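The structure under discussion appears below in the form of structure tokens.
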Protein chains: 2
Amino acid sequence: MTGEPAGGDLSRLRQLNALAVIRVLQGQESLTLTEVARRTGLSRASAEDVVRELLRMGWVAEAGATAGGVGRPARRYRFRADAGRVLGVDIGGHKVLAVVADLDGDVLHSARLPVTPEMGRLERLEAVDRAVAECLEGAGMSGGEVWASGVGTTGLVDGVGKVLLSEALPEWTGVDLAAHVRRLAPAPVLVENDSKLAALAERWRGVARYAKDMVFLLAGLRTGAGLVIDGKLHRGFANAAGEIGALPALGWIRAQEHLSAASGEAGDVFAAARAGDRAAATAVRRYVKDLALGASALVLALDPQMVVVGGGFSRSADVLIEPLRRELDRWCIRTPEVRMSALGDEAVVLGAVRLALDDVEERVLDGRTPLVSHL
Amino acid sequence: MTGEPAGGDLSRLRQLNALAVIRVLQGQESLTLTEVARRTGLSRASAEDVVRELLRMGWVAEAGATAGGVGRPARRYRFRADAGRVLGVDIGGHKVLAVVADLDGDVLHSARLPVTPEMGRLERLEAVDRAVAECLEGAGMSGGEVWASGVGTTGLVDGVGKVLLSEALPEWTGVDLAAHVRRLAPAPVLVENDSKLAALAERWRGVARYAKDMVFLLAGLRTGAGLVIDGKLHRGFANAAGEIGALPALGWIRAQEHLSAASGEAGDVFAAARAGDRAAATAVRRYVKDLALGASALVLALDPQMVVVGGGFSRSADVLIEPLRRELDRWCIRTPEVRMSALGDEAVVLGAVRLALDDVEERVLDGRTPLVSHL
DNA sequence: GATAAATATCATGGAGAGCATCATTATTCG
DNA sequence: CGAATAATGATGCTCTCCATGATATTTATC
């Protein structure tokens, strides 16, 4: 019932153990063989065997020994995060953000270009080209050195990297982003909705690091959601999970109107409310009420451990989080933890990086990655 | 990121392969070694080895050879579904249903007792005792032969088998069902909400057999939901997933009122509507509208492949399914398949059986099941 | 009825992976 | 400088899977 344990070959066992070793090495600066053995549950002898093989394949390198401590000093090994590079791109209404990261997911170089929501398809894609080019150049790389790319954008995305529907950006429906980015870096390209990627990022490096189930709320000029269920990004059958905003009864459509009605610029409303402006405070209260309605639906449906609020408005957490928590309390059977995003406007691009890394790791596990050829 | 592949020992590999062999044998009446090898991907020699061990442990038995066909006739092996027994119990407002099933999940004996929603705790528990006793007796068993029990009931259930909250049944909050059933059959007892179990059953043996993600709607005197995500029952952090009815904006609370307002007995309204009664038709239409609102929230949140409608009203599928599909179409971005339950009022008890079987299988996998002692 | 063909079972040997054990080696501490 | 400590390296064992070939049992054909 519960999936396919499948079983298999002896080599499969080695693959699993090799991956386990890589995981524990990724979690630390560097480790000795004894530590690797203890953390993986392998015997010391086997750990040595696995590490030797990974060393030969280029996934692991020897690190400088640390002084101090009695006894023969242990050799230390580290994951070679620098063995490969992945590309992450966030294509939004107001900015295009491209980053190059190593295999640990640490950002090596980033390039940010301002764009406007009104820009057409060609202009926006051209900005993507420039951001990626600048980013690769800054990292001293060519596109050929990229192992995998992740791309985040607004709207519904299909399984092979095309935008199925985007209401926020003009001429954006139908763009084949995978093909476009593959021209810049000839490697697998994974495209995903921006809210979903932000959820992935918060679960990876943000405030939801150990949550099994969590709901990410994108609170900004648009309102959206991304779901992590059982530690994995939940996409749904047609990649449309989390689109609770389609239901008028739950108010995500009108939510943002309260803010723009109160003031010209939405961002200012929060500042005004904080300063004591009565009208602004009312607008914010109404906004939160509507936001909470849709959020409650998601929370009641999934009963997640945590709700993370991100997007442009999360900077105004002080006037947002506490009221939101109170509103959720009104509707939910069990109100989950409510936290502000830790990653700000880099959440989406970090999620894109994580998506690319997942692809790389999957290929490692399958033994299909010819690492040597990349060195 | 994606869970723990963990890796491990050689014996772990054997466990996985043994489980794979059991799985393919469970799927068929009986198989030859060559067939087992082909279906598991193992070599013939290894398949033989594994089967021999399973034979020794009592999980597998030799089946009669089938005549016909050229060449030396192959020995045939079958999973020994009769090696163990599990108990499933459904404790509802109107009935208590207990079944004994074998390890294939085939029901060997069942006992059904009528109860009333008004009954108090003691009276209802006493009905459980009688149903279970009758069922065990009918199967010619003692409680000691049960390997695991699954129990389904209305309301929220905690992780160890206590009812946390039940509004539908009097004096039901706080009952320790796990302890109660363990007295009748001293084996692990798993307790779960009835909607969730019905979902599990539909995914196992019902109309959602191959759906990765699905939503089960309980449409009856109560309204509820159960979620299967990525092939597994989704429980949530506090076992409260699917409780979308708590949100007044989505109308599940008032849904049923339309029906009772139109007539004394809810079941009759559907019949009247079918017969052309205008008032009844209006009541049904309003009911479906409200039902669909909450269902849409679940569908939009999860984007499942399928929605399965069960519960008492699913007998009136002809006046329910098509309108529901139309209403979902109004709200959802992508309307999933909508199907009627195939299991009727046995869905919950079958889900309970599945829950018990999952527990047994998990123990097989861990090698913690001392099968021999049960023989 | 003898022979051929087909298919299954059984036996042998080898390779890969993991583990326990012990001698060896490189440090630090007293 | 010797003792204590801890890592490394080597050896041999077991377990698991697999390939291959010998043997067994049946049906089809002449």
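Convention: sequence-line order gives letters A, B, ...; per-chain numbering from 1. Source: prediction; values computed, not measured.
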_Distance below 4.0 Å between A:N17 side-chain N/O and C:dA17 OP1 or OP2_ = no
*Please tell me which of the listed nucleotides, D:dC17, C:dG18, D:dA6, lies nearest to the side chain of A:V70?*
D:dA6
*To the nearest angstrom, how far is B:E62 atom CD from C:dA8 atom C1'?*
12 Å
*asked:* Donor-acceptor check, side chain of B:D303 to backbone of A:N239, threshold 3.5 angstrom: yes or no?
replied: yes
*Select one nucleotide: of C:dC19, C:dA8, C:dA17, the one nearest the side-chain heavy atoms of B:R44.*
C:dA8
*Reckon B:T34 touches a base, only the sugar-phosphate, or nothing at all at heavy-atom distances under 4.0 Å?*
sugar-phosphate
_Atom pair distance, as rounded to whole Å: CZ in B:R14 and P in D:dC15_ = 11 Å
*In whole angstrom, give the distance that lies between atom CG of B:L13 and atom C1' of D:dC18.*
13 Å
*Which of these nucleotides, D:dT16, C:dA20, D:dT8, is closest to any side-chain atom of A:L33?*
D:dT8
_Phosphate-side-chain proximity, B:S46 and D:dC18, N/O vs OP1/OP2 below 4.0 Å_ = yes
*Ignoring hydrogens and angles, tell me if any N or O in the side chain of A:R203 forms a donor-acceptor pair with the backbone of A:L200 under 3.5 Å.*
no
_d(OH, B:Y77; P, C:dA8) in whole Å_ = 12 Å
*Quick one: on DNA chain D, does A:L10 or A:R75 contact a more 5' nucleotide (nearest heavy atom)?*
A:R75
*Decide, yes or no, whether a salt bridge links A:E62 with A:R75 under the criterion of side-chain N to carboxylate O below 4.0 Å.*
yes
*Please give, in whole Å, the distance from D:dA24 P to B:E48 CD?*
15 Å
*Find the distance A:L31:CG to D:dT8:C1' and express it as a whole number of Å.*
17 Å
*Map A:D49 and A:R72 onto DNA chain C by nearest heavy atom, then report which one ends up closer to the 5' terminus.*
A:D49
*Determine, stepwise, if the pair B:R78 / B:Q28 fulfils side-chain contact (heavy atoms from CB on, under 4.5 Å).*
CA-CA 8 Å; B:R78 65 178 176 82; B:Q28 304 292 324; over 6 Å; no
*B:K232 with A:D230: basic N within carboxylate O range, under 4.0 Å*: yes
*OP1 or OP2 of C:dG16 less than 4.0 angstrom from a side-chain nitrogen or oxygen of A:S11, does that happen here?*
no
*Specify the residue among B:A45 and B:T32 whose closest nucleotide of DNA chain C lies further upstream toward the 5′ end.*
B:T32
*To the nearest angstrom, how far is A:E35 atom CD from D:dT8 atom C1'?*
15 Å
